[in-house]
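Reckoned from all heavy atoms, side chains included, excluding hydrogens, waters and symmetry mates. Naming: A, B, ... by sequence-line order, numbering from 1 per chain. Here the structure is a predicted model, which is why all the values come from computation and not from measurement.
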Amino acid sequence: ASVRVGYIPVIGSAPLFVMQGTNWGHEVGVDLQLVRFQSGPQAIQALISGKIDAYVAGVLPLLQARAHGADVKVVASAATEELEVVARGDLATGLPEPPATLTPDALRQRLADFTAKAGHKPKIAAQPLGSVPDTLLRYWLKAGNGLDPAQVADIVGIDIDAAQQAFLAGAVDGAILREPALTIIRHRLPATRVLASGHDLMPGQPGSVLAIVNENAPDRAAWKNAFVSAFVKATQLLATDPEQAAPYVQQALGGGMLPKAIIVEALKASAGGYVSDPGRIMEAVGKLQDFEVESGLLRKAEPVADLFDLETYRQVRP
Amino acid sequence: MSQARARLLRPALGLAGLVVLFGVWEGAVRGGWIQSGFLPAPSSLGPAWLDEVRSGAWVQAIRDSLTHYLTGLVAGSVTGALVGLLCGALPVLDGLLSGIVRVLRPIPGLAWVPFAILWFGLDTAGATFIIAISVFWINFYAAYGAVRAIDPDLYEVAAAFGHGGFWARLRTVVLPAASPGVLDGLRTGIGQAWMSVVAAELFGVPGIGARMMQASSLLATDLVVVYMLTMALLYAVTDMLFMLVRRRLLGWQG
Amino acid sequence: MSQARARLLRPALGLAGLVVLFGVWEGAVRGGWIQSGFLPAPSSLGPAWLDEVRSGAWVQAIRDSLTHYLTGLVAGSVTGALVGLLCGALPVLDGLLSGIVRVLRPIPGLAWVPFAILWFGLDTAGATFIIAISVFWINFYAAYGAVRAIDPDLYEVAAAFGHGGFWARLRTVVLPAASPGVLDGLRTGIGQAWMSVVAAELFGVPGIGARMMQASSLLATDLVVVYMLTMALLYAVTDMLFMLVRRRLLGWQG
Amino acid sequence: MARRETDSATTADVVVRLENIGLSHDHGRSFILRHVDLEIRAGEFVALLGPSGVGKSTLLRVIMGLVPPSEGQVTLQSRPAQAHRPAAMVFQDAKLMPWRSVRRNVELGLEGLGLNRAERQARAMAALELVGLADRAARWPRQLSGGQRQRVGVARALTVEPDLLLMDEPFGALDAITRASLQRELLDIHARRQGTVLFVTHDLDEALLLADRIIILQGHPAGVKGDFMVGPRPRAQESAGMRAMAGRMKRLIAGEADPGADAAYWQASEI
Amino acid sequence: MARRETDSATTADVVVRLENIGLSHDHGRSFILRHVDLEIRAGEFVALLGPSGVGKSTLLRVIMGLVPPSEGQVTLQSRPAQAHRPAAMVFQDAKLMPWRSVRRNVELGLEGLGLNRAERQARAMAALELVGLADRAARWPRQLSGGQRQRVGVARALTVEPDLLLMDEPFGALDAITRASLQRELLDIHARRQGTVLFVTHDLDEALLLADRIIILQGHPAGVKGDFMVGPRPRAQESAGMRAMAGRMKRLIAGEADPGADAAYWQASEI
Ligand SMILES: Nc1ncnc2c1ncn2[C@@H]1O[C@H](COP(=O)(O)OP(=O)(O)OP(=O)(O)O)[C@@H](O)[C@H]1O
Ligand SMILES: Nc1ncnc2c1ncn2[C@@H]1O[C@H](COP(=O)(O)OP(=O)(O)OP(=O)(O)O)[C@@H](O)[C@H]1O
Ligand SMILES: O=[N+]([O-])[O-]
Ligand SMILES: [Mg+2]
Ligand SMILES: [Mg+2]
């Protein structure tokens with residue numbers, strides 16, 4: 001069966017590239033058609049009109065899709081604790097290496113010092129409203145540190161590639177990024193410092209997931225389980241043997257512009273975050289949904305469990 | 001009598017066309033012929049707009065966009081028209097720049113986005129640069145083409161009456177004869193610049209485009225349409241103001 | 001003798017201009033006057049281009065871009081010129097559509113991106129839609145304006161010789177007299193469409209623009225410039241082909 | 001005017017009838033033409049004279065139906081038996097279509113007459129031959145001299161062999177030889193086909209040479225101020241009656257009162 | 001030609017000198033003008049005649065310096081004492097600038113003469129008065145009749161009071177009255193200012209009325225085929241000598257061989 005899968009160019013989507021590179025998908029009768037999007041929110045626009053059958057990107061945009069009546073279910077998680085907040089220039093000076101968790105007061109002080117010195121609030125690149133990076137950044141500032149995001153920072157929601165460029169070019173002072181961008185900027189800009197690690201942002205922060213659109217439509221039955229099974233298998237390979245998976249990922253990410261060493265390094269850095277069981281991120285998603293409702297991004301909180309299909313994973317689990 | 005009727009007929013027809021469009025659209029959405037989420041009903045636009053106005057976001061977005069719109073437009077138009085006129089009128093300059101123009105001109109304004117971010121950052125300056133670049137070439141070519149299209153007879157007339165020198169020709173023939181073309185270029189630029197505003201703002205520079213992208217990432221199609229129409233309105237206003245000026249300047253065209 | 005010299009002078013001047021540009025640029029980068037990373041040295045472009053060609057990415061990107069470029073261009077140009085000609089020639093149709101045009105036309109092509117994604121997805125169809133929309137309006141207005149600018153005397157002549165009916169007027173006056181304007185619109189569209197190609201591809205539709213964004217996300221400015229020049233080249237080629245056709249069609253303009 | 005009614009009682013052969021024509025460019029604030037009444041009968045060769053800017057070209061355009069009159073009524077009556085164009089016009093400044101070659105410009109009026117391409121070309125070439133421009137057939141209009149353009153305009157009108165031929169200073173830019181030869185051709189054609197011709201000229205001699213009837217347009221707004229029948233051909237241009245009439249016409253064109261005005265019509269035809 | 005040399009030994013008062021002029025539009029494959037030699041002396045009123053399309057307008061444009069000749073040399077010599085424009089031209093089809101009002105079109109040649117605005121306007125209005133169009137001063141060119149446009153072109157050239165006035169069929173579209181009055185004005189001005197005039201016309205009578213000297217352009221490529229001195233004014237147009245000369249000119253224009261060709265120049269001046 002031909003399956004149109006929307007994805008975003010981050011390490012969290014790597015299981016797809018492995019599936020494609022190893023031909024595992026093809027072996028179980030799934031013919032992958034990958035469609036790249038520049039953020040999760042961009043992907044749900046195609047999702048809502050049925051232009052894609054499956055979705056591999058941040059979980060939170062699916063809340064928006066669901067609120068607009070889309071029938072979409074998360075069938076597997078891909079990666080967790082993907083995102084980090086990094087800083088450069090004045091926002092980074094004095095931050096320790098290796099990184100240590102900032103206390104709320106230290107963070108407040110740092111942001112305030114920057115504002116005083118630069119004459120404007122620090123500009124931090126994220127993805128558009130409703131994306132995982134944007135919501136997590138705000139959640140971290142507000143729920144984690146008691147700061148009003150609008151007061152202490154200037155958050156710009158842009159595409160994934162654009163965010164990386166903006167950070168490298170110094171067009172922003174900070175960014176909330178995923179791999180492989182984090183590895184890339186560390187190599188390009190050794191003066192980059194971590195403002196908040198994935199764990200700091202939210203322990204077990206949910207990230208990329210595999211979701212299926214109109215999961216119960218009859219044609220899905222032909223490929224759903226095989227797809228999820230191959231996806232989980234690919235995820236495990238990534239978690240256990242980054243070296244072997246690297247060539248497939250290298251081809252799909254960065255269009256061949258990234259050296260293999262960078263990819264391997266990025267994969268190794270993410271290896272610990274690969275989690276396939278969708279059940280393990282439900283609670284965190286619930287928290288973030290509540291936060292989105294609180295900040296007015298979502299009209300009302302619907303039961304999180306309805307977004308998840310835990311049964312399929314249980315069936316295909318190795 | 002029939003004069004007055006004819007003058008009323010066009011707006012009446014125009015209104016009828018609009019009523020049909022919106023009627024069919026509303027009907028299609030309500031009747032469920034258009035899949036929900038594909039298109040907001042026209043009737044939902046009003047409330048969405050009111051919300052946006054009340055929150056202050058609408059006015060703020062307009063103000064932001066107008067800032068780089070106007071700066072970019074003026075910078076790009078003035079330089080573009082000037083260089084275009086000079087190249088049209090000075091064969092040597094035209095020759096010297098012809099190679100460079102051939103290389104630079106075909107680069108679409110948007111392709112400068114990476115360098116706009118690199119050189120000017122994600123703020124008004126970057127947006128202004130992108131807008132100015134795309135407006136520049138439109139005005140350059142309009143002015144250049146207008147000069148090149150001038151009836152050579154007119155130069156003969158000017159020369160026959162003592163205006164054979166470069167500046168005299170510029171004043172008596174080139175500028176007035178090229179003015180319809182130059183103004184058409186300005187007008188195209190006025191429209192094109194809105195396109196570049198959206199493009200620049202998609203990269204995070206605050207304004208209407210950024211707000212529209214926010215709305216679309218939240219699947220708020222009604223807000224997207226509100227901002228599309230806002231842009232249409234602003235364009236229409238700038239265009240109308242321009243046409244008033246144009247009519248005064250080109251009365252001789254009748 | 002002097003004829004031949006004059007014919008060689010322009011290319012020579014053009015080349016001289018280019019040499020100066022690239023010379024100053026290379027010098028500025030090597031001499032360190034331009035901050036490194038801000039602009040690649042011209043000498044680094046060749047190797048970057050060769051790498052890209054060898055990997056096959058260059059040809060693939062061109063092929064992808066050309067696909068939606070050509071489809072969008074043809075779709076938008078044909079419909080735009082047709083509707084523009086009809087509106088220019090049929091006052092009633094013009095009146096009926098005037099309101100709709102007034103609302104829809106000012107919406108920049110890029111503002112349709114959210115709906116392009118929504119309706120067509122982020123692939124060739126979506127890109128084609130965006131390209132076609134922006135090309136549509138350019139051709140619409142060029143054709144419309146060209147029809148409106150036709151010397152009314154020509155209608156008199158046609159009418160005096162038995163071509164007073166709508167179709168006869170269309171054939172004997174409107175089409176030939178509007179053809180320079182329509183062709184100018186087509187040409188503008190041929191350029192504008194490249195802008196829209198980049199725009200659509202900046203959103204991730206595969207092609208030159210997407211490739212450029214990938215390069216710029218790694219600050220590979222040399223590759224960015226390679227793709228800017230690639231686009232310039234493709235534009236120049238399409239424009240040249242067009243001008244060949246145009247010269248054949250408009251021989252009477254001399 | 002009342003007098004004229006009786007004369008034109010036989011309405012069957014009236015080709016052009018203007019009744020109380022008025023024309024204004026500014027919605028009636030000022031008039032170029034006003035109270036113009038005129039009847040032209042089949043087969044007449046009428047010359048229209050008047051000072052520069054009086055409204056001769058405007059009147060022709062009204063008759064051709066190219067501009068609607070602001071007041072009054074225009075009636076054209078063509079011989080229904082004939083299939084070809086009822087009327088054709090030579091414009092004062094040629095008005096060639098710049099995108100058509102000289103030959104294709106001449107063919108303009110032939111298109112839609114159901115001729116095949118070869119026939120159209122043959123007729124166009126014959127007309128160009130007549131005006132001495134057969135060797136320029138493949139040129140673009142911009143490559144012609146002023147007089148050449150004007151002759152192409154004449155060829156374009158002649159080639160459709162219209163019932164009513166309106167000519168607006170068609171020979172104005174021609175040298176005497178070319179002009180004389182075209183005048184001869186025109187008279188020949190008129191004699192042969194018995195069509196109706198309305199001919200604007202500023203040259204009284206030309207009018208006296210060509211026309212059966214001469215109409216003077218004068219005034220502001222302009223009206224018909226004189227209507228003369230000219231004697232039968234061949235004409236002795238130097239006859240005393242002729243000279244007297246020419247003198248009166250000159251005075252009329254100059255805007256001087258005409259002592260014999262009321263009797264002009266009858267007197268003239270008696271010459 | 002050799003004969004002429006002796007005649008023009010006093011080169012000081014030669015205003016226009018054409019030496020072996022040739023003009024081609026197709027890089028020398030065919031020529032419009034060829035081997036044209038001509039001298040015009042200060043104060044002369046020269047008429048240029050020739051059939052339609054022979055190259056009269058082209059020759060004027062060459063003299064005015066608007067097109068470079070493909071061969072040969074043009075020398076213009078203006079009286080250096082005078083500050084105003086050495087030459088001005090009336091174009092065959094008026095060529096007004098559409099974006100200038102009628103009055104501002106007439107002012108075109110006055111700009112750059114160091115006049116202030118009021119003076120310019122006054123002179124332009126005077127010239128418009130002369131051609132009878134003062135009441136049209138504020139109009140746009142497109143609102144004029146054909147003859148009115150032509151008269152504006154005449155006013156534009158006259159108002160600069162040039163040393164050399166080139167006129168390309170300036171009265172071609174005018175009625176006899178208007179034309180006669182403008183001819184009278186032109187002769188007046190010429191008598192008063194003693195400028196040099198080169199006047200293209202297709203009307204031999206007009207040439208005989210106005211000119212001191214008549215030049216015939218003929219052939220393909222065109223050359224000077226006749227050069228006649230006309231007797232002193234006032235002229236008895238009906239004199240036998242005059243009639244004979246006119247007859248010869250007509251034959252020359254028609255392209256017939258001129259039996260008295262070699263003696264033409266001398267004979268003519270003896271009339
Ligand atoms: N651009 C051109 N290309 C080719 N031939 C041209 C061009 N312009 C003029 N000619 C030709 O040059 C010849 C002379 O033209 P010119 O206008 O000088 O004639 P003219 O004597 O003024 O005629 P007329 O009395 O009809 O105005 C004509 O045969 C014309 O066809
Ligand atoms: N569009 C216009 N607007 C205002 N006035 C106009 C317009 N067109 C023509 N006129 C005026 O109408 C009058 C008559 O013009 P028309 O061309 O009929 O004159 P004409 O008798 O043909 O003159 P000529 O012998 O000079 O060609 C002129 O006074 C002219 O100024
Ligand atoms: O993947 N997201 O950008 O949410
Ligand atoms: Mg007229
Ligand atoms: Mg001429």
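Formation of a donor-acceptor pair under 3.5 Å by the C:Asn139 side chain with backbone atoms of C:Val135 is found in this model. Between the side chain of C:Ser216 and the backbone N or O of B:Pro114 there is no donor-acceptor pair closer than 3.5 Å. Under the 3.5 Å distance criterion, the side-chain polar atoms of C:Trp25 are left unmatched by any main-chain donor or acceptor of C:Leu39. Between the side chain of C:Thr238 and the backbone N or O of C:Leu234 there is at least one donor-acceptor pair closer than 3.5 Å.
In terms of heavy-atom pairs under 4.5 angstrom with chain B, the leader among C:Ala232, C:Gly191, C:Ser98 is C:Ala232. Between chain C and the residues B:Trp112, B:Tyr141, B:Phe115, B:Trp194, the largest count of heavy-atom pairs under 4.5 Å involves B:Phe115. Interface check for chain C: of the options B:Leu18, B:Leu233, B:Val198, the most heavy-atom pairs under 4.5 Å are formed by B:Leu18. Chain B forms the most heavy-atom pairs under 4.5 Å with one residue out of C:Asp94, C:Val19, C:Val224, C:Val103, and that residue is C:Asp94. Ranking C:Thr221, C:Leu15, C:Leu97, C:Ile138 against chain B, the residue ahead of the rest is C:Thr221, based on heavy-atom pairs under 4.5 Å. Across C:Leu229, C:Val92, C:Ile107, the residue that shares the most heavy-atom pairs under 4.5 angstrom with chain B is C:Ile107. When each of C:Met228, C:Met212, C:Gln192 is scored by its heavy-atom pairs under 4.5 Å with chain B, the top score falls to C:Met228. The residue among C:Gly17, C:Gly145, C:Gly95 with the most heavy atom pairs within less than 4.5 Å of chain B is C:Gly95.
Neither the backbone nor the side chain of C:Glu201 comes within less than 4.5 Å of any heavy atom in chain B. No part of C:Trp137 comes within reach of chain B, as not one of its non-hydrogen atoms sits under 4.5 angstrom from that chain. Neither the backbone nor the side chain of C:Tyr227 has a heavy atom closer than 4.5 Å to any heavy atom of chain B. Proximity to chain B (any heavy atom under 4.5 Å) is shown, for C:Asp184, by neither the backbone nor the side chain. Using a 4.5 Å cut-off between heavy atoms, B:Leu118 touches chain C through backbone and side chain atoms alike. Contacts between B:Val197 and chain C at a heavy-atom distance below 4.5 Å are absent for every atom of the residue.
Looking at every heavy atom in both residues, C:Pro40 comes nearest to C:Val225 through CG-CG2, 3.6 Å. Looking at every heavy atom in both residues, B:Ala146 comes nearest to B:Gly181 through CB-CA, 3.8 Å. Heavy-atom minimum distance, B:Val101 versus B:Pro106: O-CD, 3.6 Å.
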From CA spacing to verdict: side chain to side chain contact (heavy atoms under 4.5 Å, CB included), B:Met195, B:Ser134: CA-CA 9 Å; B:Met195 173 114 164; B:Ser134 58; over 6 Å; no
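At least one cation-pi condition fails for B:Arg105 and B:Phe140: the charged atom is not both under 6.0 angstrom from the six-membered ring centre and inside a 45 degree cone around its axis.
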